[in-house]
Number of protein chains: 4
Amino acid sequence: MAKQPNPARRNERSRQAILTAARDLVSEVGYAKLTIEAIAARAGVGKQTIYRWWPSKGAVIFDAFLALSEAGPEQGIALPDTGDLEADLKMVMRATAAEFADPASEAPIRALNIEMINDPGLAAQYREKLADPVNEAKKARLRSAQRAGQLAADADLDLALELLYAPLYQRWLLRSGPLTPEYADTLVEVFLKAMRPEPA
Amino acid sequence: MAKQPNPARRNERSRQAILTAARDLVSEVGYAKLTIEAIAARAGVGKQTIYRWWPSKGAVIFDAFLALSEAGPEQGIALPDTGDLEADLKMVMRATAAEFADPASEAPIRALNIEMINDPGLAAQYREKLADPVNEAKKARLRSAQRAGQLAADADLDLALELLYAPLYQRWLLRSGPLTPEYADTLVEVFLKAMRPEPA
Amino acid sequence: MAKQPNPARRNERSRQAILTAARDLVSEVGYAKLTIEAIAARAGVGKQTIYRWWPSKGAVIFDAFLALSEAGPEQGIALPDTGDLEADLKMVMRATAAEFADPASEAPIRALNIEMINDPGLAAQYREKLADPVNEAKKARLRSAQRAGQLAADADLDLALELLYAPLYQRWLLRSGPLTPEYADTLVEVFLKAMRPEPA
Amino acid sequence: MAKQPNPARRNERSRQAILTAARDLVSEVGYAKLTIEAIAARAGVGKQTIYRWWPSKGAVIFDAFLALSEAGPEQGIALPDTGDLEADLKMVMRATAAEFADPASEAPIRALNIEMINDPGLAAQYREKLADPVNEAKKARLRSAQRAGQLAADADLDLALELLYAPLYQRWLLRSGPLTPEYADTLVEVFLKAMRPEPA
DNA sequence: GAGTAAGCGAGACGGTACGTCCGGTCTTTGT
DNA sequence: ACAAAGACCGGACGTACCGTCTCGCTTACTC
């Protein structure tokens with residue numbers, strides 16, 4: 001049985017330095033060339049301090065992102081609800097497309113995704129900590145649309161999110177096409193066609 | 001200037017041994033732990049023989065797959081066309097889902113995808129050599145459906161394929177849900193709703 | 001300026017535990033693999049408690065031995081003096097040879113010697129605290145022999161001790177020959193030949 | 001079973017660079033602070049190249065010395081034989097004392113000795129490759145003295161060498177006294193007294 | 001007897017070196 | 001001339017200890 005470190009004694013300054021160094025280095029050299037040694041050196045930290053608290057390089061990257069997000073709007077993420085579902089969704093999808101297209105976030109997000117593909121545990125953690133809260137907000141907006149009769153009342157909302165986002169995600173991941181605002185709009189339109197209420 | 005090896009003198013036996021070893025090792029230890037040295041040792045080949053003919057580990061994996069596919073039906077891939085678009089698509093989608101769900105092909109396909117995510121060039125090559133021919137066959141079937149009035153005549157067929165496959169691909173890649181035949185069916189149904197001809 | 005710990009407050013129980021642990025570990029794993037961490041762990045003591053009271057690993061080993069010796073006859077070590085110098089010396093030399101040959105004391109004595117070879121200060125301390133008193137007793141016996149006319153009156157007694165003991169020490173240290181009682185006897189005989197009074 | 005490297009393919013330039021670096025570093029920083037990494041770096045060599053050919057740090061040091069000696073008078077070491085045993089021995093012993101007293105050779109010889117004390121195998125190798133040939137030459141001189149009636153005919157020559165050299169060795173190793181020419185002379189004189197032929 | 005300061009067990013920390021593994025290059029020896 | 005074999009330099013891996021540094025806790029000594 002491996003000895004467990006005592007989290008109460010953890011040095012918060014070191015933790016922050018490591019996460020920051022990890023983020024910076026992913027942006028600079030890319031995920032494939034990222035090394036624990038380089039993170040430790042950049043953070044001014046002993047390697048053991050990384051190995052003590054994280055089981056893998058992927059876990060460090062993951063925490064680096066988690067820390068970023070938690071620094072954001074702590075609770076209650078809410079999507080715009082103007083009453084016009086199509087307009088609201090287009091706005092959100094365009095924003096997502098723009099974020100993906102931003103070269104600055106390119107490397108780190110890609111790193112995180114590769115790590116999730118390799119490590120199911122990490123992927124589950126990602127969903128729980130980062131994706132689910134956001135998805136819940138999105139589903140809340142869709143439920144509001146269902147109540148307003150703009151969306152089929154019996155629509156599977158998880159499927160709905162997949163329909164909306166998976167094509168965008170795939171294009172970005174495999175670089176199989178441009179992530180333009182027009183493409184975002186098109187996805188929303190097709191989605192609405194698929195999910196609109198039956199004419200009765 | 002690097003010296004170019006002469007492909008005419010290439011040892012076909014070594015090439016096959018390398019590709020086979022690469023496939024086997026990816027299945028056994030996973031992509032992340034796959035090493036060139038191990039491939040060379042398993043194939044009974046000098047490391048240089050690998051470096052001489054392939055620029056990267058990803059390229060070897062890619063060729064290993066390409067070789068597999070080319071062993072298949074060399075030309076003229078065609079999808080079933082019974083006249084019933086929904087049934088035909090469900091069959092194809094169920095087959096795709098089953099292939100993804102098969103643990104045997106899990107590791108290698110995942111390896112190939114990670115490599116494509118990291119290496120745009122490889123991704124392009126993949127599309128050109130493997131994906132496009134298959135996609136063309138799929139689009140042929142959809143065009144047939146358009147002519148039969150089962151699909152909107154002005155539908156963007158590339159978008160159509162994304163709509164159909166991206167959710168499946170995303171679920172598999174991130175393990176975010178089960179790849180059941182029912183799910184395959186559902187995707188086809190939603191797709192058809194989104195792409196059906198306007199009632200006029 | 002380093003803060004000096006107050007010896008009055010020193011925990012005797014910890015001190016003993018450390019010395020005992022050090023002795024045990026030297027026997028078990030040898031000097032080269034002895035670590036401060038292991039001593040602390042074995043003794044159930046914080047590392048700092050060792051660093052507070054000893055300047056080096058060698059100093060701990062040294063004290064471990066000192067403690068052992070001080071447990072013995074506190075003052076007034078005296079060699080047997082039966083009047084027969086040769087018999088008396090042979091007894092003492094055989095005992096020394098036997099002690100060196102004992103596998104139990106092998107590792108720790110070797111450890112102490114290596115430390116002395118590396119650290120002149122420690123060697124001086126060793127001579128002052130452990131070797132000199134013993135040597136003084138030996139020289140007292142030799143002086144008695146000089147008075148009895150069994151040894152040259154002008155013999156250099158320090159040189160005499162070197163002549164007697166150095167060959168034994170060298171054999172033991174470098175394992176260059178067996179440490180038998182016969183060898184001990186031979187050394188005494190040769191020594192007496194070299195140091196006997198001139199016939200004149 | 002570990003794979004054995006093929007000595008035929010060994011890079012002689014690397015071997016020399018490693019041995020030279022080892023010698024230099026022992027002189028500069030001492031044996032205790034000598035590291036394999038530093039040797040590799042100084043020699044411009046990968047660490048693996050050291051680990052491939054030597055089992056331990058001590059073995060490297062040992063080879064470094066062996067190489068030095070082998071560069072010397074390849075075969076047939078002979079001591080001076082003027083017919084005057086005392087004068088010849090004093091010359092040799094004074095030279096040995098001077099060599100030990102030389103600060104330049106201090107660190108490396110001490111390193112080698114510590115390593116031999118710790119590693120019986122290394123000590124045996126040392127005797128076989130370095131000490132025995134030299135000792136044989138010394139014994140040859142003593143045999144010549146026996147034939148000339150200057151030394152007891154039945155004297156044990158191995159013991160004789162111990163008697164002569166062990167006190168010197170011990171003084172040097174433990175720094176227990178000065179290594180003056182006078183001391184060397186005294187040792188020879190005492191030795192001759194102990195080993196001279198019986199008056200008959 | 002309360003307050004305080006030291007030593008204490010514990011163990012996290014910034015580091016250094018370990019010995020191993022592998023990447024990519026170069027050299028030797030067939031064939 | 002390519003291939004197998006594998007030594008080479010380089011560099012990251014994950015581990016072990018170093019000696020230092022906080023933590024609370026216990027244990028004297030002081031007031």
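If you measure from atom CZ of C:Arg13 to atom C1' of F:dA28, you get 16 Å, rounded to the nearest angstrom. The distance from atom CG of D:Leu34 to atom C1' of E:dT16 is 14 Å, rounded to the nearest whole Å. C:Arg10 places its CZ atom 7 Å from the P atom of E:dC8, with the value rounded to the nearest Å. The distance from atom CZ of B:Arg15 to atom P of F:dC2 is 17 Å, rounded to the nearest whole Å. Atoms CZ (C:Arg42) and C1' (E:dG9) sit 18 Å apart, rounded to a whole Å. Atom CZ in C:Arg9 sits about 6 Å away from atom P in F:dC29, given to the nearest Å. One interatomic measurement links the two molecules: CG of D:Asn6 to C1' of E:dT27, which rounds to 12 Å at whole-angstrom precision.
Remark: the backbone N or O of D:Leu34 is paired with a side-chain donor or acceptor of D:Lys57 at under 3.5 angstrom. Judged by distance alone, the side chain of C:Arg175 and the main-chain N or O of D:Ala124 form no donor-acceptor pair under 3.5 Å. Panel note: side chain D:Arg110, backbone C:Asn118; no donor-acceptor pair is recorded below 3.5 Å. Within the 3.5 Å criterion, the main-chain N or O of C:Leu66 finds no donor-acceptor partner in the side chain of C:Asp63.
Of the candidate nucleotides E:dG24, E:dG14, F:dG14, E:dG24 has the atom nearest to the side chain of B:Lys47. Side-chain proximity of B:Ile36 to the nucleotides E:dA17, E:dA12, E:dG23 is greatest for E:dG23. Out of F:dC9, E:dG14, E:dC8, the shortest distance to the side chain of C:Asn11 is found at E:dC8.
Checked options C:Asp24, C:Val45, C:Ile18, C:Ile61; the residue passing with C:Ile39 is C:Ile18 (criterion: side-chain contact (heavy atoms from CB on, under 4.5 Å)).
Position along DNA chain E of the nearest nucleotide to D:Lys33 versus B:Thr35 favours D:Lys33 as the more 5'-ward residue. DNA chain F is contacted by both D:Glu37 and D:Ala43; D:Ala43 maps to the nucleotide lying nearer its 5′ end (nearest heavy atom per residue). Heavy-atom distances to DNA chain E give each of A:Gly46 and B:Gln48 a nearest nucleotide, and the one nearer the 5′ end belongs to A:Gly46.
To the nearest 0.5 angstrom, C:Arg10 atom CZ is 5.5 Å from C:Arg15 atom CZ.
Between D:Arg42 and D:Glu28 a salt bridge is recorded (basic side-chain N to carboxylate O distance below 4.0 Å).
Close to F:dA4, at under 4.0 Å from its OP1 or OP2, lies a side-chain N or O of B:Thr49. Look at A:Ser14 and you'll find a side-chain N or O under 4.0 angstrom from OP1 or OP2 of E:dG14.
In terms of heavy atoms, B:Met116 sits closest to A:Leu174 at CE-CD2, 4.2 Å.
Of the residues in residues 17-27 of chain C, not one places a heavy atom less than 4.0 Å from an atom of DNA chain E. Within residues 50-58 of chain D, the residues that have a heavy atom under 4.0 Å from DNA chain F are, in order of number, D:Arg52, D:Trp53.
Residues B:Asp119 and B:Phe62 are not in side-chain contact: their nearest non-hydrogen atoms beyond the backbone lie 4.5 Å or more apart.
A cation-pi geometry, defined here as NZ or CZ lying under 6.0 Å from the six-membered ring centre and within 45° of its normal, does not hold between D:Arg9 and D:Trp53.
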